[in-house]
Structure formats: C-alpha cells, structure tokens
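All remarks here apply to the structure that follows.
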Amino acid sequence: MAFDTMIGAYIINSSKDTYTISELAQEYLNLNVKAVEELTGKGKNFTLYRDMQPDVLSKTVGIYPYVINKVSRKIDGLFKENNQEQLYYDIELPLVRALADMEYYGFKVNVNALVEFSKELQEKIDVVTKEIYTLAGEEFNINSPKQLGVILFEKLGLPVIKKTKTGYSTDAEVLDELSDRHEIVEKILEYRQLVKLKSTYAEGLLAVINPHTGKIHSSFNQTVTVTGRISSTEPNLQNIPIKLEMGRKVRKVFIPSNENYQLLDADYSQIELRVLAHITDDENMINAFLNNEDIHTSTAASVFGIPKEEVTPIMRSRAKAVNFGIVYGIGDFSLAKDLKISRKEARMYIDSYLDRYPNVKRYMHDIVEEGKEKGFVTTMFKRRRYLPELKSRNFNIRSFGERIAMNTPIQGSAADIIKIAMVKVHGELKKRKLKSRLILQVHDELIVEVFKEEKEEVEKILSEGMQNAVSLKVPLVVEVKSGNNWYETK
DNA sequence: GGGATCACGCACG
DNA sequence: TACGTACGTGATCGCG
C-alpha cells in the first residue's frame with residue numbers, strides 16, 4: 001500500500017502548520033519520537049546524516065519506518081470512518097506525481113527580456129523617486145511606511161484616514177482617498193507599483209531561474225492551504241501580475257521550452273459560482289448557467305428586478321461585487337466599503353439577492369448550523385475543515401468562523417474539481433506518450449506546454465478533461481487560449 | 001554585526 | 001469587517 005503520512009494527515013485535518021513524523025506519532029500513536037530537526041540541528045548547526053555516528057542515527061530516525069507504518073494504518077482507518085478514501089487515493093495521491101512532474105519540468109523564462117524589463121523599471125523608479133523628493137522637500141526612504149507617514153501626515157499635513165497598530169496607514173486605499181489633496185500621493189502609488197514589479201517579479205524571478213535548465217522550477221505545496229487549494233513557493237507562480245497592463249507585461253517573459261512548443265492556457269469560467277449553484281440547488285442560479293448567461297448581468301437583473309437587457313454597466317459591476325461577497329460569506333459593512341455605498345444600501349442589495357436566490361439563503365444558514373453541530377464543514381469530495389471559531393465567545397472570531405463555513409465548501413470544492421482535472425490531464429498525456437506537459441495550475445486555470453504537432457489533440461484532452469472532471473447540475477465551461485508566451489494567452 | 005521575527009503593503013484566484 | 005495564498009522591505013529584538 002503506497003502511503004504518504006504528510007498528505008494523509010492533511011486530509012484528516014488541513015489546519016495544521018506542519019505534518020512532521022514526530023508530531024504525527026504524538027497525535028496518532030501517543031508516542032514520543034524525536035523530531036528530525038532535533039537530531040540534525042538547523043541553520044548554521046545543520047548536520048547531514050552521513051556526518052553522524054550510526055548509533056545516534058539508529059536511536060532516533062531508526063524507528064521512523066515503524067512509526068510511519070503505524071501512523072499510516074491509523075490514518076487509513078480514519079479515511080474509512082470519514083468516507084475520504086476516494087479523496088485520498090483517487091485524487092491526492094495521484095496528484096503527487098502530476099505536481100512533481102510540473103516542478104521538474106519547469107516553466108522556461110526569457111532571461112534577457114526579464115533583465116531588460118528590470119532595467120526599464122529602474123529607470124522609471126529613478127525618475128519618480130526624484131519627483132517625490134522634490135515634492136516632499138527632502139529625501140527619505142519611500143519604502144518605509146513609518147517615514148512616509150511622517151512626510152504625508154506631519155510635514156504635508158494630509159488628513160489621517162486610517163491607522164495601523166503601530167502608526168499611520170499608508171496603504172493604497174488610503175492613498176487613493178488622498179490623491180486629490182497633493183501631487184505627491186499619486187507619485188507614491190506609482191512608485192509602489194514600480195518597486196513591487198522590480199523587486200518581487202523582475203529581481204525575484206531572476207534569482208530563481210535554474211542556470212542549467214533556464215527554467216523556473218517552483219514548489220507546489222500540497223499540504224499548506226486550509227481549503228484544499230495548492231500553493232506555490234520559491235517562487236510563487238500563482239500571483240504573477242495580470243490586472244494592470246504594466247505588470248501584465250511580466251507574462252511576456254514566460255515562454256515555451258523551444259520553437260517546437262506553444263503554451264495553452266485553460267480557464268474555468270466562474271467555477272466557484274457554478275459550484276455554489278450546484279451545492280445549493282438554487283433554481284434561479286442553475287437556470288442562469290444552463291442558459292449560458294453572463295452571471296453578473298443575470299444577478300443584476302434578478303436583484304434589481306428588471307429585464308437583462310436593461311442592466312447597466314454600473315448595475316452589473318455592483319452585482320458582481322455581491323456575487324463575490326456571497327462566496328466570501330458576505331456582510332453589509334464590507335460590501336458597503338467595497339462599493340463605497342451606505343451600509344443600509346449594501347444591506348438592501350444583500351437582502352434582495354437572498355430573496356432572489358432563496359436556496360443560497362438557506363444554504364448559508366444551514367452550513368453554519370452544520371459546522372456548529374459537527375465541528376467541521378466538508379467539500380463535494382469530503383475534504384474537511386474544522387471550525388473551532390464557531391464556538392468562540394468572541395463575536396469577531398465567531399463571525400469569522402461563520403464566513404469560513406460558508407466559503408470553504410465553495411472554494412474547497414472548486415479545488416477538488418481542478419485537482420481531478422489535473423490527474424486526468426496528466427494521466428492522459430502520459431498514457432498517450434505525448435510530448436506536451438502540464439506545467440502550472442493557478443486555482444481555476446491550467447497551463448500546458450504543448451508540442452505544436454499535438455496541439456489539436458492536447459487542446460481536446462485539456463478542455464474535456466476539465467469540463468468533464470465532475471458532473472454538476474450546471475455545465476462547467478472552459479476557455480482555452482494559446483500563445484507563444486504567457487502574455488499572449490489572453 | 002547579522003539572524004529571526006513582526007508589521008506593513010500588495011501580487012494573484 | 002469579505003475567502004484563500006506568497007513575499008519583499010523596514011523596524012525591532014536580542015544574541016556568548
């Protein structure tokens with residue numbers, strides 16, 4: 001029986017910080033086993049096994065095989081109790097190989113273009129920096145929120161909009177509000193945008209390009225998120241800019257391995273709202289998706305009680321915000337802030353929404369009750385998240401627990417679905433001995449490096465693999481795009 | 001003097 | 001006072 005205790009324990013409880021053998025032995029066997037770190041040391045004291053005495057090794061990691069076997073059997077028993085065998089054996093375990101292959105294969109980068117991009121950013125930063133110093137009347141460290149706060153709120157006398165626990169807040173939301181009061185403010189925003197791109201993306205990515213492969217080999221972590229999503233580190237390839245055009249250009253440096261390949265980028269359309277429609281069995285929402293309607297326009301028509309043809313762009317954008325809010329476990333305060341409307345008005349939108357989607361209303365109530373009774377909520381594929389917050393006497397913590405209860409089954413089920421799709425696509429490419437490779441996942445999106453001669457075949461494997469990953473009460477719609485770099489796949 | 005950690009801000013779905 | 005992440009920089013703490 002192939003087993004992975006780390007992933008196994010994650011399926012039993014996704015909320016832990018680490019899943020070391022030592023910890024699992026304690027938790028599942030009531031056994032005290034030294035942590036590997038205690039043996040090897042860490043940081044500058046780190047010692048390799050090969051530099052240790054055999055008897056020291058045998059007294060500690062020597063019993064690991066025994067412990068791992070025992071813990072595995074214990075966890076496997078819990079899978080049976082929890083009905084999580086399919087999740088573990090059919091989804092998470094096969095996913096290990098798909099993720100490993102993604103890490104190993106990597107994503108090719110145009111190094112020269114990235115170096116050029118970095119230089120261009122630096123030139124822009126130099127210009128803006130001087131402008132800021134002139135407007136401030138002195139030089140200071142713009143990167144320091146503390147120093148910036150002194151300049152903005154003491155020297156220039158701008159009004160304090162918001163405070164952090166240590167001083168003045170200078171975040172983008174605050175600066176947006178101040179942008180009409182002094183020229184320096186928009187320069188600060190521009191400076192922040194440029195520095196973010198240069199440090200995190202230009203320099204950050206250059207630092208992790210493997211000199212042998214010319215590629216970026218990210219780590220895809222399978223036991224980090226509480227909802228079941230995967231995460232990406234060193235570097236994070238799941239937060240490459242796209243929203244602003246200047247940042248989006250970073251994507252031009254992500255290219256195929258060579259001229260025989262292209263990139264395919266396949267996105268699920270509105271997967272979380274489709275999952276919501278499925279889970280709640282809400283007739284109104286299901287019909288919107290069955291008719292292939294624009295969901296935000298459809299929501300606007302429902303909420304405002306008008307025909308879809310009469311929905312204005314502003315109405316659509318407000319309905320979109322409400323749809324987002326619903327998925328997060330909405331509150332009137334936050335929706336009001338997001339839409340810059342009154343709390344009362346926000347409350348009306350929410351109430352109207354819940355009237356028009358009555359099963360969504362029932363679901364949001366019931367899932368919180370279920371979370372309280374059972375102590376956890378589950379996804380479509382029995383992924384589980386415990387919610388101790390629901391029992392808290394602290395209102396804020398308890399409210400947070402309620403929002404988690406509403407959001408986790410939605411976000412987590414979407415994660416289940418794309419993982420199933422990944423296993424299918426990865427398996428199919430392998431089975432057919434194709435040269436195309438799955439190289440990245442970004443929560444609702446899969447990126448494949450496709451061998452040009454295989455393009456038609458692989459596009460079908462990808463889109464059908466995703467569409468048919470599961471069968472819901474609404475269709476899963478997938479959009480596939482291709483390009484000679486990641487920027488072009490739009 | 002340099003490492004660890006916290007605070008802040010911000011990139012993505 | 002919206003759900004889930006990763007990470008760079010500055011400030012601070014405390015270490016033979």
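What you see below is based on every heavy atom in this structure, not just the backbone, and it leaves out hydrogens, waters and symmetry mates.
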When A:R97, A:R383, A:K382 are each screened for salt bridge (charged side-chain N to carboxylate O under 4.0 Å, His left out) with A:E92, the one that passes is A:R383
A:N396 CG to C:dA2 C1', in whole Å, measures 13 Å
Review point. So does A:K165 get a side-chain nitrogen or oxygen closer than 4.0 Å to the phosphate oxygens (OP1/OP2) of B:dA7?
Key: yes
Testing B:dC10, B:dG9, C:dG8 for proximity to the side chain of A:A172, the answer is B:dC10
*So, is A:N239 near the phosphate of C:dA6, with a side-chain N or O under 4.0 Å from OP1 or OP2?*
no
query: Any salt bridge between A:E190 and A:K196, counting N to O under 4.0 Å?
result: no
Task: Check: A:T225 main-chain N/O paired with A:Y10 side-chain donor or acceptor under 3.5 Å - done: yes
(Q) I'd like to know if A:E23 and A:K16 make a salt bridge, using a cut-off of under 4.0 Å between side-chain N and carboxylate O. (A) yes
Rounded to whole Å, CD of A:E389 lies from C1' of C:dT1 at a distance of 16 Å
### Message
So A:R248, base contact, sugar-phosphate only, or nothing? Heavy-atom distance under 4.0 Å.
### Response
nothing
| said: Between A:K198 and C:dG8, is there a contact of a side-chain N or O with OP1 or OP2 at under 4.0 Å? | reply: no
Notebook entry, point to check: Which is true for A:E234 with a 4.0 Å heavy-atom rule: it touches a base, it touches only sugar-phosphate, or it touches nothing?
Noted result: sugar-phosphate
OP1, OP2 of C:dG4 versus side-chain N and O of A:R403: anything below 4.0 Å?
no
- Query: If you look at every strand shown and take non-hydrogen atoms under 4.0 Å, does A:V195 touch a base, only sugar-phosphate, or nothing?
  - Reply: nothing
SB check A:K344 A:D332 (cutoff 4.0 Å): no
Separation of B:dC12 atom P from A:L440 atom CG, nearest Å, is 15 Å
**Message:** Using a 4.0 Å heavy-atom cut-off, does A:S232 contact any base of the nucleic acid, only the sugar-phosphate backbone, or nothing at all?
**Reply:** sugar-phosphate
- prompt: Do A:D338 and C:dA2 have a side chain to base donor-acceptor pair shorter than 3.5 Å?
  reply: yes
**OP:** Using a cut-off of strictly less than 4.0 Å, decide whether A:T164 has a side-chain nitrogen or oxygen near OP1 or OP2 of B:dC8.
**Re:** yes
So, OP1 or OP2 of C:dA11: does either fall under 4.0 Å of a side-chain N or O from A:S144? yes
| field | Side-chain N,O (A:Q147) to OP1/OP2 (C:dA11) below 4.0 Å | value | yes
Next on the checklist: Just N and O in the side chain of A:T166: are any of them under 4.0 Å from OP1 or OP2 of C:dA11?
Outcome noted: no
* Got a donor-acceptor pair under 3.5 Å from the side chain of A:Q411 to the base of C:dC3? -> yes
ask   = Should the pair A:E138-A:K155 be classified as a salt bridge under the 4.0 Å nitrogen-to-oxygen rule?
value = yes
Tell me what A:G325 touches on the nucleic acid: a base, only sugar-phosphate, or nothing, going by heavy atoms under 4.0 Å. base
Re C:dC3: Watson-Crick or G-U wobble partner, both distances kept under 3.5 Å, found to be B:dG13
Rounded to whole Å, the NZ-C1' distance (A:K340 to C:dT1) equals 15 Å
Do the side-chain N or O atoms of A:N141 get closer than 4.0 angstrom to the phosphate oxygens (OP1, OP2) of C:dG10?
yes
Taken to the nearest whole Å, OH/A:Y168 to P/C:dG10 is 21 Å
Of C:dA11, C:dT9, C:dC3, the nucleotide closest to the side chain of A:K146 is C:dA11
Of the candidates B:dG13, C:dG4, C:dT1, the side chain of A:V442 sits closest to B:dG13
Regarding the side chain of A:K196, the nearest nucleotide among C:dT5, B:dA11, C:dG4 is B:dA11
A:L197 CG to B:dC10 C1', in whole Å, measures 11 Å
Regarding the side chain of A:T225, the nearest nucleotide among C:dG4, B:dG9, B:dC12 is C:dG4
Applying a 4.0 Å non-hydrogen cut-off, can you work out what A:V327 is touching in the nucleic acid: base, sugar-phosphate, or nothing? nothing
(request) Select base, sugar-phosphate, or nothing to describe what A:I242 touches, counting heavy atoms under 4.0 Å on all strands. (result) sugar-phosphate
In whole angstroms, the gap separating C1' of C:dG4 from NE2 of A:H443 amounts to 8 Å
(Q) Counting only side-chain nitrogens and oxygens, does A:R192 get under 4.0 Å of the OP1 or OP2 atom of B:dC10? (A) yes
Notebook entry, point to check: Does the ring centre of A:F304 sit less than 6.0 Å away from the ring centre of A:Y349?
Noted result: yes
*Any side-chain N or O of A:S231 less than 4.0 Å from the OP1 or OP2 oxygen of C:dA6?*
yes
Task: Same-atom distance (P) from C:dT1 to B:dA7, integer angstrom - done: 15 Å
Determine: side-chain N/O of A:T170 to OP1/OP2 of B:dG9, distance under 4.0 Å, yes or no. yes
Salt-bridge test for A:E449 and A:R437: reply yes if a basic N is under 4.0 Å from a carboxylate O, no otherwise. no
Exercise for the section: Tell me what A:I240 touches on the nucleic acid: a base, only sugar-phosphate, or nothing, going by heavy atoms under 4.0 Å. Expected result: sugar-phosphate
Atom CG of A:L387 and atom C1' of C:dC3 are separated, to the nearest Å, by 12 Å
Check whether any side-chain N or O of A:T200 sits under 4.0 Å from OP1 or OP2 of B:dC10, and answer yes or no. no
### N-O pairing of A:K481 and A:D265 below 4.0 Å
no
Mate of C:dC13 across any strand shown (Watson-Crick or G-U wobble, both atom pairs under 3.5 Å) is B:dG3
Out of C:dC3, C:dG4, B:dC12, minimum distance to the side chain of A:K243 belongs to B:dC12
Against the side chain of A:V226, the closest entry in C:dT1, C:dT5, C:dA6 is C:dT5
Q: Would you mind classifying the nucleic acid contact of A:F324 as base, sugar-phosphate or nothing, using non-hydrogen atoms under 4.0 angstrom?
A: nothing
